[in-house]
*Asks:* 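Below you will find the structure I want to go over with you.
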Amino acid sequence: QKVSVEVLHHLEHLALVDFRDSEGVERLQKAIQFADQLHEVNTDGVEPMDSVLEDRCLYLREDDVTEGNCTKELLKNAREKVEEYFVAPPGNIPLPKLEEQDTFLQGS
Amino acid sequence: AALKGGLRSQVSAALKEGRVTPTELCQRCLALIKSTKFLNAYITVAEETALKQAKESEERYKRGQPLGILDGIPVAVKDNFNTAGIETTCASNMLKGYISPYNATVVQKLLDQGAVLLGKTNLDEFAMGSGSTDGVFGPVRNPWSYSKQYKEKSVPKSHSEDEDSNWVITGGSSGGSAAAVSSFTCFAALGSDTGGSTRNPAAHCGVVGLKPTYGLISRHGLIPLVNSMDVPGILTRCVDDAAVLLGSLAGHDPKDSTTIQDHFKPFELPNLTDVSKLSIGIPKEYHAPGLSSEILALWSKAADLFKNAGAKVVEVSLPHTRYSIVCYHVLCTAEVASNMARFDGLEYGHRSDKKESTESMYAATRREGFNDVVRGRILSGNYFLLKQNYEKYFVKALKVRRLIANDFVKVFRSGVDILLTPTTLNDAAPYMEFIQEDNRTRSAQDDILTQAANMAGLPAINVPTALSDRGLPVGLQFIGRSFQEKQLLTVAKWFEKQVQFPMIQLEEVKRHDHSVFQHQKSASFS
């Protein structure tokens, strides 16, 4: 089954990355097909494994401040800043809906 | 001659006795980097700071107070490790111009022991790939392409053809690091290994590539691909050197909560003479489709080598091997989707000029900053993480992961000490041939023998074994039990001694390029 345009659009929105062209979509289709091989494996009664270190206790350290005060260093790599703030364009403006967009997906 | 010896046995002694100085070593390596520029192994060469570090090391040697074996030793680091004050790009437009504000723990450890950081090596963009061909700075060339051994086996080209259109790839994604070590421009290099990214190029470039147990070496500062599988990798010219590097890097790091707390004791490798107590497992599933008959024969020969020396050699089964690539594909893309979310242009890296809204700026930044491979994996990953797919794909893959890890547990529990497998299916492919297939297909093919060790978190090492019919390196892989690096490396060292892998004979290279490279001679080594 092919992935619907709605899902493709949803993915672009979630990932904030675009498919760009039919090759991109084809790539996803192939990836899904490839992943479907997983269903050949019988995993009844098998617990998911998050980490190979699951049998060990996670290290917890003392709640002491050991580093910080590096605002200047960290701001150095940002392109747009004001005083100690990173500057972003206005938020709360959603990306255009599928119908409103002039993307490749519209045509598919 | 000191350039060719082992760190512990020869180079360290030479430095201590003053037969060679850290500055000389550094200068020689820097000169070699310049003359082998066509390999494109380095993205950034930190000449000034390297010379400064070399000078400081020299002062210490003069005072008779070197910090250790690594003091004054030139090393290179893959460009996905943060290095303070030095650009860290991950071979991506997204991080071009990004100057790290800190050192990755492994980098800091090297520097603390006096190592001289020559520069950052080339890779596939964000370590996604198995050829070191998909970074924005171009592909890395395998130094063996310019070796006497390869050239005498090549079909002679006609006058009119570009004489090096048949150069071969390094493998990946740590190709730059492997090429750097292989071409003698450094003594050791750091790579990373998520699906085989250290072992694969090690095999193709004829160097030792060690993937340590997950949790042994800190990932703090290693720009993550798959947090549950990534490890820093070690590339050296001999197994002893890998042990030296491991000794200086392993151990708990409070800044990386996935490092184990067990105390790590650095070790020297014994010279094993008696292998009769050893049990070597040969996993039959590693006779994978596409395995070249040459490598199959070499693998068989190696098994016989152990048998004839008195070791117990048994065939074993890891039944879920063939699903490790599919499993990896899902888990990797899912973790990538998450890990790449941090690149939005606000705090660091590339930022698009689009300013209508935050989201449109993020989207444009990511479109401009990431290549197709990265974007493809992000989209796939997001697909597998959708609510309607989460159980079906992501959780399913986590279950299959356990099955793969359990396969190894069962085999090691049955009395096998070490597994012996091929590292790659073939010797290095010519670049022109390699790029005929897309990145994902290539990765799926090439990672098949290395990926499962990442899935299970086990230590594994590539040991250069012999030259193929084409005159190119072929390596074999040893996989050990968790945190049993000493045993793994001891066996690897024994094997290395038996096979006596030949040294690369780099030829003089004349180039008639008008573009980037001038008429060059590669250094001759005698």
Side-chain angles (χ1 to χ4, degrees), chain A residues 3 7-8 10-20 23-25 27-28 30-32 34-44 46-53 56-61 66-67 70 73-81 86-96, chain B residues 98-99 101 214-215 228 252 254 257-261 320 323 326-327 329-330 333 337 344-349 351 354-363 366-367 370 372 375-376 378-384 386 392-393 395-403 405 438 440 444 456-457 482:
Chain A
V3 182
V7 172
L8 292 175
H10 183 50
L11 284 176
E12 283 194 333
H13 198 134
L14 280 177
L16 285 179
V17 154
D18 65 323
F19 283 97
R20 197 163 296 190
E23 214 184 297
V25 177
R27 203 177 285 131
L28 175 67
K30 286 208 189 111
I32 300 169
F34 190 63
D36 282 334
Q37 291 174 72
L38 275 181
H39 303 119
E40 294 169 23
V41 189
N42 183 346
T43 52
D44 290 341
V46 180
E47 284 296 303
M49 180 186 236
D50 296 307
S51 167
V52 295
L53 301 175
R56 293 173 183 259
C57 256
L58 198 63
Y59 169 74
L60 293 177
R61 64 180 195 140
T66 52
E67 54 180 355
C70 48
E73 279 299 313
L74 296 180
L75 285 171
K76 269 196 195 143
N77 279 304
R79 224 188 75 174
E80 297 196 28
K81 50 208 173 207
F86 295 110
V87 180
N92 252 343
I93 300 176
L95 288 177
Chain B
Y98 166 68
I99 311 279
Y214 180 86
S228 67
H252 178 66
S257 62
T258 59
T259 52
I260 60 160
Q261 293 157 252
H320 297 92
Y323 293 108
V326 189
C327 187
H329 167 71
V330 174
T333 51
D344 55 23
L346 270 187
E347 302 96 336
Y348 44 75
R351 177 178 177 140
K354 220 159 164 24
K355 43 173 74 118
E356 286 77 45
S357 69
T358 314
E359 286 203 3
S360 70
M361 187 277 275
Y362 288 175
R366 293 156 71 80
R367 184 185 321 126
F370 292 139
D372 285 348
R375 283 172 31 255
I378 294 173
L379 288 163
S380 301
N382 275 105
Y383 179 81
F384 298 130
L386 287 175
K392 229 172 65 160
Y393 291 98
V395 177
K396 180 79 181 181
L398 290 177
K399 292 180 180 178
V400 174
R401 181 174 188 178
R402 182 178 297 283
L403 291 175
D438 72 271
R440 189 182 58 78
S482 272

*Asks:* Who wins among B:K355, B:R401, B:R375 for the most heavy-atom pairs under 4.5 Å with chain A?
*Replies:*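 Winner by heavy-atom pair count: B:R375.
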*Asks:* So how far is it from B:L398 CG to B:S228 OG, rounded to the nearest 0.5 Å?
*Replies:*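 It is 8.0 Å, given to the nearest 0.5 Å.
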*Asks:* Looking only at heavy atoms, what is the nearest atom pair of B:S482 and B:G457, with distance?
*Replies:*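 For B:S482 versus B:G457, the nearest heavy atoms are OG-O, 4.5 Å.
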*Asks:* Can you tell me which of A:D36, A:V7, A:L75, A:N92 forms the most heavy-atom pairs within a distance under 4.5 Å of chain B?
*Replies:*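 The answer is A:D36.
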*Asks:* Looking only at heavy atoms and a cut-off of under 4.5 Å, which of A:K76, A:R56, A:R61, A:E73 has the most pairs with chain B?
*Replies:*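 Sorted descending by pairs with chain B, the first entry is A:R56.
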*Asks:* If you count the non-hydrogen atoms of other residues, nucleotides and ligands that lie under 6.0 Å from NE2 in A:H13, is the total more than 12?
*Replies:* yes
*Asks:* Using a cut-off of under 4.5 Å for heavy-atom pairs, which of B:N382, B:L403, B:I99, B:L379 has the most such pairs with chain A?
*Replies:*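 Looking at each of B:N382, B:L403, B:I99, B:L379 in turn, B:L379 comes out on top.
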*Asks:* Does B:L386 reach the side chain of B:Y393, with side-chain heavy atoms less than 4.5 Å apart?
*Replies:* no
*Asks:* Do you know which of B:A337, B:S357, B:S257 has the most heavy-atom pairs with chain A at a distance under 4.5 angstrom?
*Replies:* B:S357
*Asks:* Take B:I260 and A:L53, measure what side chain to side chain contact (heavy atoms under 4.5 Å, CB included) needs, and give me the verdict at the end.
*Replies:* CA-CA 8 Å; B:I260 60 160; A:L53 301 175; 4.0 Å; yes
*Asks:* Need one label for B:Q261: side chain, backbone, both or neither, based on atoms under 4.5 Å from any heavy atom in chain A.
*Replies:*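 Looking at B:Q261, just its side chain touches chain A.
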*Asks:* Between the main-chain N or O of B:R351 and the side-chain N or O of A:R79, is there a donor-acceptor pair closer than 3.5 Å?
*Replies:* yes
*Asks:* Sort A:L38 into side chain, backbone, both or neither according to what part of it lies under 4.5 angstrom from a heavy atom of chain B.
*Replies:* both
*Asks:* Identify which of A:R27, A:Q37, A:E40, A:E80 forms the greatest number of heavy-atom pairs closer than 4.5 Å to chain B.
*Replies:*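 The candidate making the most pairs under 4.5 Å is A:E80.
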*Asks:* Taking every non-hydrogen pair under 4.5 Å, which of B:Y383, B:F384, B:Y98 racks up the most with chain A?
*Replies:* B:Y383
*Asks:* Under 4.5 Å from any heavy atom of chain B, what part of A:V87 do you find: side chain, backbone, both or neither?
*Replies:* backbone
*Asks:* Based on non-hydrogen pairs under 4.5 Å, which of A:T66, A:L14, A:D18 is most in contact with chain B?
*Replies:* A:D18
*Asks:* With only heavy atoms counted, which part of A:C70 is less than 4.5 Å from chain B, the side chain, the backbone, both or neither?
*Replies:*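 Neither part, no heavy atoms under 4.5 Å.
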*Asks:* Tell me which of these, B:D372, B:T258, B:V330, B:T259, has more heavy-atom pairs under 4.5 Å with chain A than the rest.
*Replies:*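 So the answer, after comparing B:D372, B:T258, B:V330, B:T259, is B:D372.
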*Asks:* Checking the side chain of A:R20 only, and the main-chain atoms of B:R367 only, is there a donor and an acceptor separated by less than 3.5 Å?
*Replies:* yes
*Asks:* Is B:K396 reaching over with its side chain to a backbone N or O of A:V41, donor-acceptor style, under 3.5 angstrom?
*Replies:*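 Pair found, side chain donor or acceptor close to backbone of A:V41.
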*Asks:* To the nearest 0.5 Å, what is the distance between CG on A:N77 and CZ on A:F86?
*Replies:*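 One finds 9.0 Å between CG of A:N77 and CZ of A:F86.
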*Asks:* Could you check if a side-chain atom of B:R366 sits within less than 4.5 angstrom of a side-chain atom of B:D344, using non-hydrogen atoms only?
*Replies:*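 A side-chain contact under 4.5 Å is absent here.
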*Asks:* For each of A:N42, A:D50, A:I32, A:I93, tally heavy-atom pairs with chain B at distances under 4.5 Å, and name the one with the top tally.
*Replies:*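 Ranked by contacts with chain B, first place is A:I32.
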*Asks:* Could you tell me which portion of A:K30 (side chain, backbone, both or neither) has an atom closer than 4.5 angstrom to a non-hydrogen atom of chain B?
*Replies:* both
*Asks:* Ring centroids only, cut at 6.0 angstrom: are A:H39 and B:Y323 within range, meaning strictly under it?
*Replies:* no
*Asks:* Chain B heavy atoms under 4.5 Å from A:L74: which part of the residue, side chain, backbone, both or neither?
*Replies:*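 For A:L74, heavy atoms of backbone and side chain both lie under 4.5 Å from chain B.
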*Asks:* Give the member of B:D438, B:T333, B:V400 that has the highest number of heavy-atom pairs under 4.5 Å with chain A.
*Replies:* B:V400
*Asks:* If you count heavy-atom pairs within less than 4.5 Å of chain B, which of A:G24, A:A31, A:P48 leads?
*Replies:*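 Looking at each of A:G24, A:A31, A:P48 in turn, A:P48 comes out on top.
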